[in-house]
Amino acid sequence: MISIIDYDAGNIKSVEKAINFLGEEAEITSDKDRIMASDGVILPGVGAFGVAMDKLRARGLVETIKEYVSTGKPFLGICLGLQLLFDESDETPGVKGLGLLEGKIKRIPSEYEDGTILKVPHIGWNSIEINPSSKLMKGISSDSYVYFVHSFYLEAANSSDVIATTEYGVRIHAAVERGNIMATQFHPEKSSDVGLKILSNFIEMTKGEGK
């Protein structure tokens, strides 16, 4: 069983459908006991960093997430769920994130010194360069395309955590992995066969496979 954490942050049902499509049972829940009993947990989300942290705290989920991660069982953040794993975001200065990984969440610039102007939020398909040693990215080739929707991006403090990057005006750390903690800035549930393969890799890890 995979628990998808419910904190009213969007894109939850699409994640559930993708997991079910892959033949795995998923449960949308904010119940601590259900989460702790799960084989794997997914923290999805779209929206604002500060609002999301308020909702997690209001439901008692901050400590639940930290306790779950400490068990060593697989944990996957998606989109805003990636950003929340870090200490803070330029989106809401002064609001502390989960602090499970080190790095900065920064606003994607729309204007550059060379005159380039990019649309923000960054919406659409971008290719990623991957670290082939990653468990989450097993079987995914570099230059594969995945789907992004975001205005803020990760600049991880530890390059060893970064398992995928992309370019959109700046170099974006598009996915991270450290031990049992994994996360993607892009939406695997909306990234066609590539995304389904990534989610399948996560499911394998929840069964003790693919290590």
Side-chain angles (χ1 to χ4, degrees), residues 5 7-12 14-15 42-58 61-62 65-66 75-131 134 136-137 142-178 181-191 195 198:
I5 293 180
Y7 63 114
D8 294 330
N11 86 296
I12 287 178
S14 57
V15 175
I42 298 177
L43 178 67
V46 292
F49 185 95
V51 172
M53 285 304 305
D54 285 345
K55 289 179 176 179
L56 288 176
R57 290 192 190 95
L61 289 166
V62 170
I65 289 170
K66 291 180 178 180
F75 183 94
L76 176 65
I78 295 175
C79 196
L80 180 60
L82 170 143
Q83 297 178 10
L84 296 172
L85 296 176
F86 292 83
D87 288 317
E88 56 188 353
S89 171
D90 286 349
E91 186 173 18
T92 45
V95 174
K96 290 298 183 183
L98 294 168
L100 294 168
L101 297 172
E102 302 82 35
K104 297 178 180 178
I105 307 300
K106 304 172 73 173
R107 184 181 297 274
I108 299 174
S110 59
E111 299 183 17
Y112 296 82
E113 292 182 357
D114 64 1
T116 298
I117 297 177
L118 294 177
K119 291 182 179 180
V120 178
H122 167 213
I123 302 175
W125 295 83
N126 265 46
S127 62
I128 52 174
E129 292 296 318
I130 68 157
N131 179 343
S134 161
L136 189 65
M137 296 294 166
S142 280
D143 295 326
S144 293
Y145 278 78
V146 292
Y147 190 77
F148 289 85
V149 183
H150 63 126
S151 299
F152 295 82
Y153 73 99
L154 167 64
E155 187 178 86
N158 300 307
S159 59
S160 58
D161 293 340
V162 180
I163 57 172
T165 61
T166 193
E167 301 286 337
Y168 190 75
V170 291
R171 186 172 180 81
I172 292 168
H173 291 160
V176 292
E177 180 179 308
R178 184 195 293 177
I181 304 174
M182 294 155 275
T184 64
Q185 180 61 65
F186 56 86
H187 289 268
E189 77 281 6
K190 297 180 180 179
S191 295
I198 291 169

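Worth knowing before you read on, the calculation uses all heavy atoms, side chains too, and leaves out hydrogens, waters and symmetry mates.
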Sorted by chain and number, sequence neighbours left out, ring pair (Phe, Tyr, Trp, His ring centres under 6.0 Å) with Tyr147 holds for Trp125
> If every non-hydrogen atom of Gly45 is compared with every non-hydrogen atom of Cys79, which pair is closest and at what distance?
Replying inline: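 The answer is O-CB, 3.4 Å.
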On a heavy-atom basis, the closest approach of Ala174 and Leu82 is O-CD1, 4.3 Å
Could you grab the distance from atom [atom1] of [X] to atom [atom2] of [Y], nearest 0.5 Å is fine?
| X | Y | atom1 | atom2 | result |
| --- | --- | --- | --- | --- |
| Ile78 | Met182 | CD1 | CE | 11.0 Å |
| Tyr153 | Phe148 | OH | CZ | 13.5 Å |
| Phe86 | Leu101 | CZ | CG | 4.5 Å |
| Ile198 | Leu76 | CD1 | CG | 9.0 Å |

Side chain to side chain contact (heavy atoms under 4.5 Å, CB included) partners of [X], counting only residues at least two apart:
| X | result |
| --- | --- |
| Ser142 | Glu129, Ile130 |
| Thr116 | Tyr112, Asp114, Leu118 |
| Ala175 | Met137, Ile163, Ala164, Thr184, Phe186 |

Open item on the list: Could you walk me through whether Leu80 and Val46 satisfy the side-chain contact (heavy atoms from CB on, under 4.5 Å) test, starting with their C-alpha distance in whole Å, then the side-chain angles of each, then the deciding distance to 0.1 Å, before giving a yes or no?
Closed with: CA-CA 5 Å; Leu80 180 60; Val46 292; 5.6 Å; no
inquiry  = So, applying side-chain contact (heavy atoms from CB on, under 4.5 Å) with Tyr168, which one of Thr166, Ile172, Val170 is it?
reply    =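 Checked Thr166, Ile172, Val170 against Tyr168; only one passes side-chain contact (heavy atoms from CB on, under 4.5 Å): Ile172.
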Using the test side-chain hydrogen bond (donor to acceptor under 3.5 Å, both in side chains), find all partners of [X] that sit at least two apart in sequence or belong to another chain.
| X | value |
| --- | --- |
| Thr165 | Arg171 |
| His122 | Asn126, His150 |
| Ser159 | none |

(Q) Run Ile65 and Leu84 through side-chain contact (heavy atoms from CB on, under 4.5 Å) and show every step you take. (A) CA-CA 11 Å; Ile65 289 170; Leu84 296 172; over 6 Å; no
Q.
For the NZ atom on Lys104, are there more than 12 heavy atoms of other groups (residues, nucleotides or ligands in this structure) within a distance under 6.0 Å?
A.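 No, not enclosed.
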(Q) So does Pro44 get a backbone contact from the side chain of Tyr7, meaning a donor-acceptor N/O pair under 3.5 Å? (A) yes
* Asked: So which pairs with a foot in residues 43-57 pass side chain to side chain donor-acceptor pair (under 3.5 Å), sequence neighbours left out?
  ->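 Side chain to side chain donor-acceptor pair (under 3.5 Å) check on residues 43-57 returns no pairs.
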- Query: So which pairs with a foot in residues 82-98 pass side chain to side chain donor-acceptor pair (under 3.5 Å), sequence neighbours left out?
  - Reply: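 Residue pairs with at least one partner in residues 82-98: Gln83-Gln185.
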Worksheet item: Quick one: salt bridge (charged side-chain N to carboxylate O under 4.0 Å, His left out) pairs with a partner in residues 143-163, sequence neighbours left out?
Response: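 Matches after skipping sequence neighbours: Lys106-Glu155, Asp161-Arg178.
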Any heavy-atom pair between the side chains of Leu43 and Leu61 that's under 4.5 Å?
no
Q) So His187 and Val146, side-chain contact (heavy atoms from CB on, under 4.5 Å) or not? Walk me through it. A) CA-CA 7 Å; His187 289 268; Val146 292; over 6 Å; no
